[in-house]
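Owing to the predicted nature of the structure, the values given are computational and were not obtained by experimental measurement. Note that the numbering runs from 1 along the sequence shown for the chain. Both counts, for ligands and for their atoms, begin at 1 and track the order of listing.
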Amino acid sequence: MTEKETKQIKMEDVQAKADEKKCPVQKSLVFIEEFLAGPMCGRCFPCSIGSYEARIRIKRLVNGTASDEDIETVKRISFHMQVASMCKKGKDTAKYILENIDSNEFSDHISGVCSSNECIEHIKYVILPENCTMCGICLDACKDNAIIGEKKKTYLSGYLPFEIVQKRCTKCGKCIKVCKYGAIKLVSAKEMAEVEAVGA
Ligand code: SF4
Ligand code: SF4
Ligand code: SF4
């Protein structure tokens, strides 16, 4: 995209793109990234510096590395942007973030939960052994070799159960789409860590 084309992105387009997301943290990140890529002209500091700093903090929430201080800072930046930005574009960006930040979702992300399952650092794919028929369809669908298991054969009595090797999983979601038995599920990273801690 050329610089000229980039600058033609309108605020309505920015909002439409952000509204495609369900997670309030993702909405805020998409809004601010689209704003920075297009309408933000850089003529006043509250908006230009504020937007860059807010993006850094919101990204931490998406990546699972944020603290309460990041949320407070994004709030402070947004209040300041809303009051001191020179034009409506900066004020509208701040307003959008402030509307989303009031949900509990922001603080949930600090504890590793994205209830919309859109922040991939906060989710894991797992296979439920009780639903798995060992058909092996997911094994063929996973191009990252993250699934291990042995397809069921009539002449075998012992099987290697199907399992997802978390460190290899890129969270592409292909396996969940092909499993016809509802045996692959998304769980929050926090939920999984708690289960693992109990089992340890
Ligand atoms: S508030 Fe308006 S004038 Fe100021 S940097 Fe943002 S877009 Fe430019
Ligand atoms: S596709 Fe589903 S049922 Fe088949 S092996 Fe994979 S998890 Fe099990
Ligand atoms: S989400 Fe993608 S990488 Fe992970 S196990 Fe499923 S198909 Fe493989």
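Neither the backbone nor the side chain of Lys143 comes within 4.0 Å of ligand 3, counting heavy atoms alone. Counting heavy atoms under 4.0 Å from ligand 3, residue Asp144 touches it through the side chain alone. With a 4.0 Å heavy-atom cut-off, ligand 3 is reached by no atom of Ile184.
Applying the 4.0 Å criterion to heavy atoms of Gly42 picks out, from ligand 1, the atoms 5 (S), 8 (Fe). Proximity to Gly90 (heavy-atom distance under 4.0 Å) selects the following atoms of ligand 1: 1 (S). Residue Thr133 has at least one heavy-atom neighbour below 4.0 Å for each of these atoms of ligand 2: 3 (S), 8 (Fe). Under a 4.0 Å criterion applied to the non-hydrogen atoms of Cys44, ligand 1 contributes the atoms 1 (S), 4 (Fe), 5 (S). Here is the list of ligand 2 atoms found below 4.0 Å of a heavy atom in Tyr181: 3 (S). Using a 4.0 Å cut-off to heavy atoms of Cys175, the atoms of ligand 3 that qualify are 1 (S), 5 (S), 6 (Fe), 7 (S). Atoms of ligand 2 lying under 4.0 Å from any heavy atom of Gly136, numbered from 1 in the order shown and given with element: 4 (Fe), 5 (S). When each atom of ligand 2 is checked for a heavy atom of Cys138 under 4.0 Å away, the hits are 1 (S), 5 (S), 6 (Fe), 7 (S).
A donor-acceptor pair under 3.5 Å is formed between the side chain of Lys91 and the backbone N or O of Ser85. Using modelled atom types, one side-chain atom of Lys27 and one backbone atom of Lys21 make a donor-acceptor pair closer than 3.5 Å.
Of the protein's heavy atoms, Cys47 SG, 2.4 Å lies nearest to atom 6 (Fe) of ligand 1. Nearest protein heavy-atom contact of atom 1 (S) of ligand 3 is Gly173 N, 3.3 Å. In terms of protein heavy-atom proximity, atom 4 (Fe) of ligand 3 is closest to Cys169 SG, 2.4 Å. Scanning the protein heavy atoms around atom 3 (S) of ligand 1, the nearest turns out to be Cys41 SG, 3.5 Å. Of the protein's non-hydrogen atoms, the one nearest atom 8 (Fe) of ligand 3 is Cys142 SG, 2.4 Å.
In this structure the side chain of Ile32 reaches within 4.5 angstrom of the side chain of Ile97, judged on heavy atoms. The side-chain heavy atoms of Met134 and Lys151, taken from C-beta on, include no pair separated by under 4.5 Å. A heavy-atom distance below 4.5 Å is found between the side chains of Met40 and Cys47. Counting heavy atoms from C-beta outward, Ser51 and Met81 have side chains that approach closer than 4.5 Å.
For the 3.5 Å distance criterion, the side chains of Ser115 and Glu105 qualify, holding a donor opposite an acceptor.
Between atom 2 (Fe) of ligand 2 and Cys179 there is an N/O/S contact shorter than 2.8 Å.
Nearest-residue assignment for atom 5 (S) of ligand 1 (options Arg43, Met81, Lys89; heavy-atom criterion): Arg43. For atom 2 (Fe) of ligand 1, the nearest non-hydrogen atom from the set Gly50, Cys87, Ala94 belongs to Cys87.
Summarising the geometry of His109 relative to Cys119, their closest heavy-atom pair is NE2-SG, 3.3 Å, with the distance given to 0.1 Å. Between Phe31 and Thr93 the shortest heavy-atom distance is CE2-OG1, 3.5 Å. Across all non-hydrogen atoms, the minimal contact from Cys138 to Phe162 is SG-CD2, 4.0 Å.
Of the inter-residue distances, the one linking Cys114 atom SG with Asp108 atom CG reads 9.0 Å to the nearest 0.5 angstrom.
Salt bridge Asp70/Arg60: present, at least one basic N to carboxylate O contact under 4.0 Å.
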